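Each chain gets a letter, A, B and so on, in the order the sequences are listed, and its residues count up from 1. Given the structure is predicted, the values throughout are model-derived calculations rather than measurements. Reckoned from all heavy atoms, side chains included, excluding hydrogens, waters and symmetry mates.
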Amino acid sequence: MEERYDPRKVEPKWQAYWREKGTFKTGQDTSREKFYCLEMFPYPSGKIHMGHVRNYAIGDVIARYKKMQGHNVLHPMGWDAFGLPAENAAIKHGVHPSKWTYENIGYMKAQLDKLGLSYDWEREVTTCSPEYYKWNQWFFIKMLERDLAYRKSSYVNWCPSCETVLANEQVIDSRCWRCDSVVVQKELFQWFLRITRYAEELLSACDDLSGWPEKVVLMQKNWIGKSLGVEVDFRIEGMDRSIRIFTTRPDTLYGATFLCLSPRHPFTDELVADKEGLRKIRARYGEVDEKAGLFSGNYCVNPMNGEKIPVYVANFVLMEYGTGAIMSVPAHDQRDFEFALKYGLPMRMVIQPNDTGAGLVHARHSPASGQPQGQPLQEAYEGEGVLVDSGPFSELESAEARDKIAEYIEERGLGKRVVNFKLRDWGISRQRYWGTPIPVVYCDRCGIKAVPEEDLPVILPEDVTFSGKGGSPLLESRSFIETVCPACGGEARRETDTMDTFVDSSWYFVRYCFQKNDPDIDSKLKNGSRETGYWMPVDQYIGGVEHAVLHLLYSRFFTRVLRDLGIIGPGEPFLNLLTQGMVIKDGAKMSKSKGNVVDPDYLIETYGSDTSRLFSLFAAPPERDLDWSDKGVEGAYRFLGRVWSVIHNNRDPLRKKGASVIRKEDLSDISDNGRGLLRKTHQTIKKVTTDMERDFHFNTAIAALMELVNDMTGFQPRDERDPGVFKFAVESMLLLLSPFTPHIAEELYAVLGNKPSISEQKWPAWDEDLAKEDEVELVIQVNGKLRGKMMIPRGISDEEIRNLSLGDEKIRTFIAQAEIKKVIVVKGRLVNIVVGR
RNA sequence: GCCGGAGUGGCGGAAUUGGUAGACGCAAGGGACUUAAAAUCCCUCGGGGGCGACCCCGUACCGGUUCGAUUCCGGUCUCCGGCACCA
């Protein structure tokens, strides 16, 4: 007789309803406060995985919750559709990347729909479509005009067998991830975006990212890596030129005993006679295991003390940071120390620790000879202290000396103060096919020319062959390469490199502000528009922490460029960021290679998407890793089954027309029974609402709903008002549950005789008085230990609490024959009687 | 090495401002219903002691502050994440 919960019947029905009614279509509506809720879009790899389910369930709860709270919610979805896997599939299975990608999109879109996600698909973005990537090209040209895009020669990871550049992530133990060949460093011309122009702003604006996890902000700060220092010129002996070094420790200048050049420093060819030695040291550039050096045969003069010091070429000195040359102070820098030890170079102590570390005091070195007196150093002293053997700066505190010496250097024209960042310009050239063509042409007469705006997009040709030999198929496509120069009209060649796919994802959230087929997109996107003005920035962004620097930093950069182009207002794209944890099973991240994946299709088939969503939201708070448990999924399913039956078992009384709202004035004639459930209901509304507001603590919100349902199952109507209370409890519960498990909520809401849709209802409100307990449990402690409990009426005075607890029989046995020193009362909750013996 | 974060039952996790440690769920054990099983429902469930009312111990470890510490402070250990020759 009783109808059983069957998600396979319920879920498709409501998915169709939402689709047909356009429940989640979004428009501009200035009467409501906007809320832009965004989850990181997926790469269409073929199928969604549990990480997606979790990510999108979290986003969907937020979007639905905000909608019920009266916000005008933008909740879009799209596809990060360019990238290497499509090209690999083409090589392996002979299917065109485009076909492969669009088929995957079709399948995954159906999967997302089966999860009941509240997306407005009319704003869908697919980055591999010309309508989308033409904007990558347009932005690129604008950046070229502003000198934010430029071409330079640089070293890249190169796989000689695949004939392609590899990202750092694709180099595993110095080998190609695909063919296992040893990766070499190759110098290539590459296109770069000048993100470093925004380094200072990207860093200082970090302090305004109060809606981001601190951890992510910190990672961004470290990645940008600002440091203040001084550049100093060291004249090369016997030559009319200088080597410019960078240091953050000008206070140690007197301790410099040699100088090191990067193997890639432009002076090395000229300074080093030993070409074979130079070749060897260059091959060891960037090697982490061991420091290696080569004496250049030349000397420099320390501008501070006129001392002659040898110049080395050292493999650990990076050309990409500072000036590519350093002064070496082995006594105060551990790397220099190790190098000096290996090559027998002198060390000189010029900073004395303030708190006289005993061993260090003896490690004085004579400035004249550079020879040690006393014990040899065990390690470099990198801390602060007092300067010694530093000419006129001796006896200064190191912090002060940094300033004074920097000033001295600037006054004498020996160098200048500079700011350095670790952040490098973003190399976007990829020698690959499946990406946005970089819109430039090469003309023998006119040089490098941007493709004119009106000729965009430069379409990625589809008629290419995938040999699998490596190298971009575009190199073989004459119809693509051969073009005319926009300046002189003569023969010219197209750039065959494509853009890093991170370009695609750096601004996709701006595109969502418009309808997919907006006819005026051209003028709107170029000139700024009502749409971007209304929707930007994203109010809540949700995704994996693995993008803490790359994607999130690139997006912050791009948004600022777009701001400076007048396209959007604010420079910060994401107001609030939620980084969800990984999905773990059997102690490891779910992955095919580990064989511990759970297939969302199977899960939805077996338990339904409501159960899948519920479990992934209940098992852990969103930002933490989620331990997958098949048994736990069954528990979630059982809970929904209980929700189903508590309503179906009381179907007739629940459908009866009648007031389900109990006002404070009605409380006098309500039974204890009804009062209890009413109170619990208001408490649950409060708890769920505050948990949502408190960093989206869905797990405890769901736990509260479970408690309410437990109370409802045991509820027996005894008097006239009880059915109304029960109905109120049921309705509130469904409303609160609907963002988590929307299908069953819709279905049961309709069973109660309501018109759909529950997702268009208002979020319930609680009444603080109705939520309050009449009686509270008083905890009685003696000397901080729990010794008794008693029920007391709400609102009782501290004095009464004191008397009640002192009078309690059990408590008296604990305080007998003891002196009461103090009684501490925590308002209405706890009393602690402090006694001496 | 540097910078973060975390350590709570058999397990996932609660405890909102320093105030009852273990909500909710899973697993386990017992019971009801059933010819039986599944499903469902009910009870027990940190450790130790006691016939019992109850008592002692317990939030990684050591110490401190406090009437009272999972929470604050100092130190130690372990695990996880990020960066890593950045001069």
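- The interatomic distance linking A:N783 (CG) with B:U66 (P) rounds to 15 Å, in whole Å.
- With B:G81, B:A15, B:A87 as the choices, the nucleotide that has an atom nearest any side-chain atom of A:I326 turns out to be B:A87.
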Derivation and outcome, side-chain contact (heavy atoms from CB on, under 4.5 Å), residues A:Y285 and A:I281: CA-CA 6 Å; A:Y285 178 71; A:I281 197 81; over 6 Å; no
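- Of the P atoms belonging to B:C73 and B:A6, the separation is 12 Å, rounded to the nearest Å.
- B:C33 and B:C43 have their C1' atoms separated by 15 Å, with the value rounded to a whole Å.
- A salt bridge does not link A:E773 with A:K680: none of the charged nitrogens is closer than 4.0 Å to a carboxylate oxygen.
- Within 4.0 Å (heavy atoms only), A:V834 reaches sugar-phosphate atoms of the nucleic acid but no base atom.
- Ion pairing between a basic and an acidic side chain is recognised when a charged N comes within 4.0 Å of a carboxylate O; A:R679 and A:D774 show such pairing.
- Counting to the nearest Å, the C1' atom of B:A84 and the CZ atom of A:F316 are 15 Å from each other.
- The distance from atom CD1 of A:I824 to atom C1' of B:G18 is 12 Å, rounded to the nearest whole Å.
- Residue contacts shown for A:Y5 are absent, as no nucleic acid heavy atom lies under 4.0 Å away.
- Among the atoms of the strands shown, base atoms are found under 4.0 Å from some heavy atom of A:R424.
- The base of B:U20 lies outside donor-acceptor range of the side chain of A:Q781, with no N or O pair under 3.5 Å.
- A:K687 comes within 4.0 angstrom of a nucleotide base, judged by non-hydrogen atoms across all strands.
- Residue contacts shown for A:K785 are limited to sugar-phosphate atoms, with no base heavy atom under 4.0 Å away.
- Using a 4.0 Å heavy-atom criterion, one finds that A:D691 contacts no nucleic acid atom at all.
- When the nucleotides B:U40, B:A87, B:G82 are ranked by their closest atom to the side chain of A:M219, B:G82 comes out on top.
- Residue A:G322 is out of contact with every strand shown, counting any heavy-atom pair closer than 4.0 Å.
- Here, B:G12 and B:A84 have their P atoms 32 Å apart, quoted to the whole Å.
- Taking atom CD1 on A:I584 and atom C1' on B:C79, their separation rounds to 13 Å, with Å as the unit.
- At whole-Å resolution of the value, NE2 in A:H648 and C1' in B:A39 are 18 Å apart.
- Nucleic acid contact for A:E214: none, since no nucleic acid atom lies under 4.0 Å from a heavy atom of the residue.
- Proximity note for A:N832 (side chain, C-beta onward) versus B:A87, B:A15, B:G19: the nearest is B:G19.
- Residue-to-nucleotide proximity on RNA chain B shows that, of A:R829 and A:N222, the 5′-proximal contact is made by A:N222.
- A:K686 has a carboxylate O that lies under 4.0 Å from a charged side-chain N of A:E768, or vice versa, which qualifies the two as a salt bridge.
- Note that CE of A:M733 is 11.5 Å distant from CG of A:D711, once rounded to the nearest 0.5 Å.
- For the pair A:G632 and A:D289, nearest-nucleotide mapping onto RNA chain B gives the more 5' position to A:G632.
- Residue contacts for A:L218: at a heavy-atom cut-off of 4.0 Å it reaches the sugar-phosphate backbone alone, with no base atom in range.
- Separating the P atom of B:C62 from that of B:C55 is a span of 25 Å, rounded to the nearest Å.
- Counting only heavy atoms from C-beta on, A:A619 has its side chain closest to B:G12 among B:A23, B:G12, B:C55.
- Taking the C1' atom of each, B:A21 and B:G9 are spaced 11 Å apart, rounded to whole Å.
- Atom CZ of A:R642 and atom C1' of B:C42 are 13 Å apart (whole Å).
- Checked against the 6.0 Å centroid criterion, the rings of A:F339 and A:F316 qualify as a close aromatic pair.
- The side chain of A:M706 has B:C24 as its nearest neighbour among B:G13, B:C24, B:A87.
- Whole-Å rounding puts the A:W628 CH2 to B:C26 C1' distance at 14 Å.
- Taking the C1' atoms as reference points, B:A14 lies 11 Å from B:U70, given to the whole Å.
- Each of B:A39, B:U20, B:A87 was ranked by its minimum atom distance to the side chain of A:L786; first place goes to B:U20.
- The A:K631 side chain lies nearest to B:A27 when the options are B:G4, B:A27, B:C24.
- At the heavy-atom level, A:N420 lies nowhere under 4.0 Å from the strands shown.
- The glycosidic torsion of B:G29 lies more than 90° away from 0, which places this base in the anti conformation.
- Residue A:K822 has a polar side-chain atom (N or O) positioned under 4.0 Å from OP1 or OP2 of B:C67.
- Nucleic acid contact class of A:V545 (heavy atoms, under 4.0 Å, all strands): none.
- Set against B:G4, B:G25, B:A14, the side chain of A:K215 has B:G4 as its closest nucleotide.
- Within 4.0 Å (heavy atoms only), A:S227 reaches sugar-phosphate atoms of the nucleic acid but no base atom.
- Of the candidate nucleotides B:U20, B:A87, B:U16, B:U16 has the atom nearest to the side chain of A:R694.
- Considering only the side chain of A:A703, B:C24 comes nearest among B:A87, B:C24, B:A14.
- Residues A:N420 and A:S227 bring no donor and acceptor atom of their side chains to less than 3.5 Å of each other.
- Taking only side-chain nitrogens and oxygens, A:R638 comes nearer than 4.0 Å to OP1 or OP2 of B:C26.
- Close placement of the A:Y637 and A:Y5 rings is indicated, their centers lying within 6.0 Å of each other.
- A gap of 11 Å separates the C1' atoms of B:G18 and B:U65, to the nearest Å.
- For B:G68, neither phosphate oxygen OP1 nor OP2 lies less than 4.0 angstrom from any side-chain nitrogen or oxygen of A:R787.
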